[in-house]
Amino acid sequence: WALNELYSSSCGVNKSVSRAIGQSGSSFLQKIFLDHECSSKEKEDSLKFERLKSYTLETGSFSTFINILSLQVPEEKLNSVYSKFMSEWKQDLSENRIDLALAVKNREDISLSEIGPDSK
């Protein structure tokens with residue numbers, strides 16, 4: 001997430017960030033940034049979302065999934081990511097996490113007492 005934010009804020013101009021991505025030992029990480037390379041500052045918000053989506057759907061990262069669901073993007077994009085994530089990763093999630101993801105997607109109020117220890 002942090003690397004995506006750094007890369008996005010400079011739209012790939014920051015050579016240190018680009019070099020860190022290129023020298024990463026993770027071919028998966030390199031692929032995400034190559035597939036969604038920054039082409040212009042105007043398109044960067046969409047590309048940032050696509051990078052997060054690719055990472056989340058590939059790894060099953062619940063925290064990044066929640067981050068995506070909390071973004072201000074069109075509802076159809078959120079519904080698509082939600083459906084894809086759940087079809088791939090739901091069997092690995094507790095009921096608390098499933099309920100939390102649905103609540104975040106639906107923009108429901110969530111109290112701290114509703115978030116169980118396995119939702120972290």
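Small disclaimer: the values here were computed from a predicted structure and weren't measured. We number each residue from 1, following the sequence as shown.
- Within the 4.5 Å cutoff, no side-chain heavy atoms of Asp92 are placed close to those of Phe62.
- Between the CD1 atom of Ile68 and the OG1 atom of Thr56 there is a distance of 3.5 Å, given to the nearest 0.5 Å.
- Note that CG of Leu78 and NZ of Lys53 are 11.0 Å apart. Values are rounded to the nearest 0.5 Å.
- More than 12 heavy-atom neighbours from other residues, nucleotides or ligands sit within 6.0 angstrom of CD on Glu76.
- Distance alone, capped at 3.5 Å, is enough to place a donor-acceptor pair between the Ser54 side chain and the Glu50 backbone.
- The side-chain heavy atoms of Asn106 and Leu102, taken from C-beta on, include a pair separated by under 4.5 Å.
- Between Ala101 and Ile66, the shortest heavy-atom distance links the atoms CA-CD1, 3.8 Å.
- Taken from CG in Asp99 to CZ in Arg97, the straight-line distance is 12.5 Å, to the nearest 0.5 Å.
- Residues passing the salt bridge (charged side-chain N to carboxylate O under 4.0 Å, His left out) test with Lys105, sequence neighbours excluded: none.
- Residues Thr64 and Thr59 fail the side-chain proximity criterion, which asks for heavy atoms closer than 4.5 Å.
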Donor-acceptor contacts, no H, no angles, side chain residues 81-91, under 3.5 Å, sequence neighbours left out:
unit_1, atom_1, unit_2, atom_2, d
Ser83, OG, Asn79, O, 3.0
Ser87, OG, Ser83, O, 3.3
Ser87, OG, Lys84, O, 3.0
Trp89, NE1, Leu57, O, 3.0
Gln91, NE2, Glu88, O, 3.0

